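Computed from a predicted structure; not experimentally measured.
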Amino acid sequence: MALSSPWVFSALNTTHSVPKVPHLHSLPPSSSSSSSSSFSHFRIRPSSHDDHADKWRAKISFFPSFLKNKGKDAKTIKEELLEAIAVLDRGADATLQDQENVDQIARQLEAVSPIKEPLKSNLLNGKWELIYTTSQSILQTKRPKLLRSVTNYQAINVDTLRAQNMESWPFFNQVTADLTPLNPRKVAVKFDTFKIGGFIPIKAPGRARGELEITYLDEELRVSRGDKGNLFILKMVDPSYRVPV
């Protein structure tokens, strides 16, 4: 039976091939119409000097724009993001418009990330569930639904700089990797061991590498981007989990 590479490796968007094993597993801020309409009946009495009136018009028009562009907090944006992806089957049912919408909301969230150097944060530790991605190879959209991974997980340990990707039914494949920080948000990934069915180990080839940037992090949600531009959104499911050495 033809098999394909684990989801984790694909998630990091490496350009190299790997052993053939089964896959592992922004609505723009809505402008407030009320803020604009609150000035709709404001009348400026024309002065004898047109330039003076123009200056006042400019000042008045500034306020609605300021209110419209006022940033939302992370909690509000997270709610919008989770609502947007809830009906997309982790991205498998997303249209191009859906992908653009989710990406736009994700970028708003990235802009307000409370953790600026995620590789120095203990919030990164633990087991995360992949709830959305644009990577079709991870989503396995070319397979019948019955042969797609039901759930994908990724675990990271900051202290040991280790990562592990896992899939649930029907394959239960895993892969582990060493992480090398490139900057406070980005790591190079070198895979070392694949496990077929979670048990049969296969040594990863030296070319099995990739990169991953963590663009948003809090105690509940993580947003990451791979070196080929794919977007990954994960939720924390077990902060106590540690990657096997």
Side-chain angles (χ1 to χ4, degrees), residues 11-13 26-36 38 62-91 93-135 138-139 151-159 163 165 179 181-187 211-241:
L12 295 171
N13 298 283
S26 332
L27 291 172
S30 57
S31 51
S32 171
S33 59
S34 59
S35 62
S36 296
S38 62
F62 165 80
F63 290 101
S65 176
F66 171 80
L67 293 174
K68 180 177 68 174
N69 295 325
K70 186 177 180 181
K72 299 177 182 178
D73 61 20
K75 181 180 179 180
T76 301
I77 301 172
K78 279 168 55 177
E79 290 173 352
E80 291 183 358
L81 183 61
L82 293 174
E83 182 180 358
I85 67 178
V87 296
L88 300 180
D89 188 17
R90 297 182 300 159
D93 294 338
T95 63
L96 288 177
Q97 184 175 355
D98 290 328
Q99 291 181 354
E100 291 174 1
N101 180 43
V102 171
D103 187 82
Q104 187 173 5
I105 303 175
R107 290 185 184 279
Q108 293 177 36
L109 190 61
E110 291 166 336
V112 296
S113 179
I115 308 298
K116 304 305 179 184
E117 298 184 337
L119 293 179
K120 297 181 180 180
S121 173
N122 288 329
L123 292 180
L124 191 58
N125 290 327
K127 187 177 183 180
W128 300 81
E129 179 184 343
L130 182 71
I131 58 175
Y132 175 85
T133 183
T134 55
S135 173
I138 294 173
L139 294 169
T151 311
N152 300 331
Y153 300 100
Q154 184 177 77
I156 293 180
N157 285 128
V158 176
D159 50 352
N165 292 306
L179 306 177
L182 301 177
N183 61 44
R185 303 198 317 170
K186 190 174 184 179
V187 292
E211 292 181 1
L212 190 70
E213 183 174 13
I214 300 155
T215 54
Y216 178 88
L217 176 67
D218 65 22
E219 66 278 2
E220 301 173 328
L221 202 72
R222 172 160 63 92
V223 179
S224 300
R225 294 182 183 270
D227 55 350
K228 292 298 180 182
N230 281 316
L231 174 65
F232 309 96
I233 301 173
L234 306 94
K235 69 176 182 180
M236 173 58 72
V237 292
D238 185 0
S240 67
Y241 184 88

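- For Ser224, the side chain to side chain donor-acceptor pair (under 3.5 Å) test picks out Arg222, with sequence neighbours left out.
- For Lys186, the salt bridge (Lys or Arg N to Asp or Glu O under 4.0 Å) partners are Glu211, not counting sequence neighbours.
- Distance alone, capped at 3.5 Å, places no donor-acceptor pair between the Ser113 side chain and the Lys116 backbone.
- Side-chain contact between Val102 and Ile233 is present, with at least one heavy-atom pair separated by less than 4.5 Å.
- Put simply, the side chain of Leu119 does not reach to within 4.5 Å of the side chain of Leu179, judged on heavy atoms.
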May I have the step-by-step check of side-chain contact (heavy atoms from CB on, under 4.5 Å) for Gln154 and Leu130, ending in yes or no? CA-CA 7 Å; Gln154 184 177 77; Leu130 182 71; over 6 Å; no

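- In summary, Arg225 and Asp103 engage in a salt bridge, as defined by a charged side-chain N under 4.0 Å from a carboxylate O.
- Between Tyr132 and Leu81 there is no side-chain heavy-atom pair separated by less than 4.5 Å.
- The side chain to side chain donor-acceptor pair (under 3.5 Å) test applied to Glu117 returns Lys120, not counting sequence neighbours.
- Applying side chain to side chain contact (heavy atoms under 4.5 Å, CB included) to Thr215 and the options Val223, Leu109, Leu231 leaves one that passes, Val223.
- Around CG of Asp89, the count of heavy atoms belonging to other residues, nucleotides or ligands within 6.0 Å exceeds 12.
- Two residues are said to be in side-chain contact when any heavy atoms from C-beta on lie closer than 4.5 Å; Leu212 and Phe232 meet this criterion.
- Residue Pro118 comes nearest to Leu217 through the heavy atom pair CB-CD2, 3.7 Å, listed as atom of the first residue, atom of the second, then distance.
- Nearest heavy atom pair, residue Lys78 against residue Leu221, reads CG-CD2, 4.1 Å.
- By the neighbour-count criterion of 12 heavy atoms within 6.0 Å, atom CD of Glu219 is densely surrounded, having more than that number from other residues, nucleotides or ligands.
- Side-chain contact between Ile131 and Leu82: present, with at least one pair of heavy atoms (C-beta onward) separated by less than 4.5 Å.
- Residues that satisfy the salt bridge (Lys or Arg N to Asp or Glu O under 4.0 Å) test with Glu79, not counting sequence neighbours, are absent from this structure.
- If you take OG1 on Thr134 and CD on Glu100, they are separated by 12.0 Å, rounding to the nearest 0.5 Å.
- Minimum heavy-atom separation, Ala74 to Tyr216: CB-OH, 3.8 Å.
- Atom CG of Leu123 is separated from atom CD1 of Ile156 by 12.5 Å, given to the nearest 0.5 angstrom.
- Residues Met236 and Trp128 are in side-chain contact: their nearest non-hydrogen atoms beyond the backbone lie under 4.5 Å apart.
- Among residues two or more places apart in sequence or in another chain, the salt bridge (Lys or Arg N to Asp or Glu O under 4.0 Å) test is passed with Asp93 by none.
- Nearest heavy atoms, Ile115 versus Ser121: CG2-CB, 3.8 Å.
- In this structure Glu213 satisfies the salt bridge (Lys or Arg N to Asp or Glu O under 4.0 Å) test together with Arg185, sequence neighbours excluded.
- In terms of heavy-atom proximity, Gly91 sits nearest to Leu139 at C-CD1, 3.5 Å.
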